[in-house]
Amino acid sequence: MIKKKNLLGCSLESLEDFFRSLEEPSFRAKQLLKWIHQKGIIDFDKMTDFNKLLRAKLKEVAYIKPPLIEESYLSPEGTKKYLIKLDSGTMIEMVRIPEKKRATLCISSQAGCALQCTFCATGAQGFEKNLTSDEIIGQLWLANFGDDEKTPITNVVFMGMGEPLLNFNPVIESAKIMKDQMGYGLSRKRITISTSGIVPQIDNIPNNVDVSLAISLHAPNNKLRDEIVPINKKYPIEKLIKSCKDYISFYDGKRNITIEYILIDGINDSKDLAYDLCKLLSGLSCKINLIPFNPFDGSNYKRSSMTNIQSFKEVLVKKGFITTLRVTRGDAIDGACGQLVGKLKKSIKGKNLIDAREI
Ligand code: SAH
Ligand code: SF4
């Protein structure tokens, strides 16, 4: 028996190959992409511009199946967190953050993460699996068509569970569908890949897809970064900054990188480190996003005080860096990714069922 193919995670190019293999014209690929990602239709029988014969042929070799929303939790500020069940039974998370006319979706690229940054709830769980492109784009599909929210998703950030650049091909394939005019039609500015700094794969992005890049820096020197972002031992700061510069040069200097910097009390939030950060980033076309640490069960870190956050920010602004402070929303629903699944796993281990009120 042939193994059927899930077409949800196929980019235009892959669908063209697929239709060619069925000896069908390649324009079918555009039609199918539109049905799935613009109209939210995943039943071949409802695709009215496909004749009966073609539908029967498609059903024989393929199917279209998104993952499942297992639970969703709404915070008082409107942030919505989803627990999503994959076919394998694995749970992942995604978060929807609404703003006036926009809605940003924070999606996962892996279940768990092998990189073990010391401040991260996903890292604390270890690595479970790489998501397929169906499972990645399936999150965006679900947020647009599988839930009762009205505002469509206007921005996507790969800032959920996992390191996107360690699951390179499926991440690129799904980003292509996000960008495609027959898919979600999101511009490059509205799709952000966030990475802890997998240098060879940063170098690989521009040859594959044009999206926005965010670097999770969190420390301005190797000693501290080795400690809190252990992958730094493999790809130290000098190599990372060089790779960022090459990335910008690839686009003739017409790109800006986002530098993410978590503020953890007493660890990386001193004024001296703010000055070091300015030195490190001078000459790099970037903006800085400060993220107050989101505490979670089992972590000894604390969020920096508002006074320290403000004085850290002041140093950067005075030195001329465009600096934003991420408003922490969704604390009540464990806003930082990995926390919900972490809690679920703990409660299963302890044999109590998860209590939604606790979340
Ligand atoms: N692995 C990628 C993308 C997922 S993490 C990366 O590290 O960039 C997305 C962002 O969430 C990163 O900037 C990460 O540092 C941040 N993050 C992780 N744990 C956090 C926490 N407890 N509080 C605030 N931000 C956190
Ligand atoms: Fe992995 Fe990113 Fe969490 Fe680090 S911060 S453990 S790279 S998900």
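Read the numbers this way: they start at 1 and go in the same order the structure lists the ligands and their atoms. Keep in mind it's a predicted model, so treat the numbers as computed, not measured. Count residues from 1 along the sequence.
The distance criterion of under 3.5 Å between nitrogen or oxygen atoms is met by F119 with respect to ligand 1.
With a heavy-atom cut-off of 4.0 Å, H218 touches ligand 1 through its side chain alone. With a 4.0 Å cut-off on non-hydrogen atoms, E163 touches ligand 1 through its backbone as well as its side chain. Neither the backbone nor the side chain of I215 comes within 4.0 Å of ligand 1, counting heavy atoms alone.
Residue pairs meeting the salt bridge (charged side-chain N to carboxylate O under 4.0 Å, His left out) criterion with at least one partner in residues 253-274, sequence neighbours excluded, are D210-R255, E260-R326.
In this structure the side chain of K179 never reaches within 4.5 angstrom of the side chain of L186, judged on heavy atoms. Side-chain atoms of K318 and V315, non-hydrogen and from C-beta on, never get closer than 4.5 Å to each other. Within the 4.5 Å cutoff, the side chain of I107 has heavy atoms near those of the M178 side chain. Contact check for K287 versus T324: no side-chain heavy atoms found under the 4.5 Å cut-off.
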Q139 vs S174, test: side chain to side chain contact (heavy atoms under 4.5 Å, CB included). Steps then yes/no. CA-CA 10 Å; Q139 297 168 62; S174 60; over 6 Å; no
Applying side chain to side chain contact (heavy atoms under 4.5 Å, CB included) to T151 and K101, what does each step give before you reach the verdict? CA-CA 7 Å; T151 341; K101 285 183 188 159; 5.9 Å; no
Check the pair D147, R96 against salt bridge (charged side-chain N to carboxylate O under 4.0 Å, His left out), reporting the backbone distance first and the verdict last. CA-CA 11 Å; D147 198 26; R96 184 180 193 285; 5.4 Å; no
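Looking at atom 2 (Fe) of ligand 2, its nearest protein heavy atom turns out to be G162 O, 4.4 Å.
The closest approach between G160 and ligand 1 falls below 4.0 Å for a heavy atom of the residue. By the 4.0 Å heavy-atom criterion, F158 is counted among the residues contacting ligand 1.
Looking at S196, C117, G162, P295 and measuring to atom 1 (N) of ligand 1, the nearest heavy atom belongs to G162.
Summarising the local packing, OH of Y251 is surrounded by more than 12 heavy atoms from other residues, nucleotides or ligands at distances under 6.0 Å. More than 12 non-hydrogen atoms from other residues, nucleotides or ligands lie less than 6.0 angstrom from NZ of K129. In this structure, E13 places its CD atom where only 12 or fewer heavy-atom neighbours from other residues, nucleotides or ligands lie under 6.0 Å away. Remark: K5 NZ is loosely packed, at most 12 non-hydrogen atoms of other residues, nucleotides or ligands lying under 6.0 Å away.
Using a 4.0 Å cut-off to heavy atoms of S216, the atoms of ligand 1 that qualify are 6 (C), 7 (O), 8 (O), 12 (C), 13 (O), 15 (O). Residue N294 has at least one heavy-atom neighbour below 4.0 Å for each of these atoms of ligand 1: 21 (C), 22 (N), 23 (N), 24 (C). Of all atoms in ligand 1, numbered sequentially from 1 with element shown, those under 4.0 Å from a heavy atom of T195 are 6 (C), 8 (O). Counting the atoms of ligand 1 from 1 in the order shown, those under 4.0 Å from a heavy atom of I262 are 15 (O), 17 (N), 20 (C), 24 (C), 25 (N), 26 (C).
For a distance threshold of 2.8 Å, the protein N, O or S atoms nearer than that to atom 4 (Fe) of ligand 2, listed by chain and number, are C117 SG.
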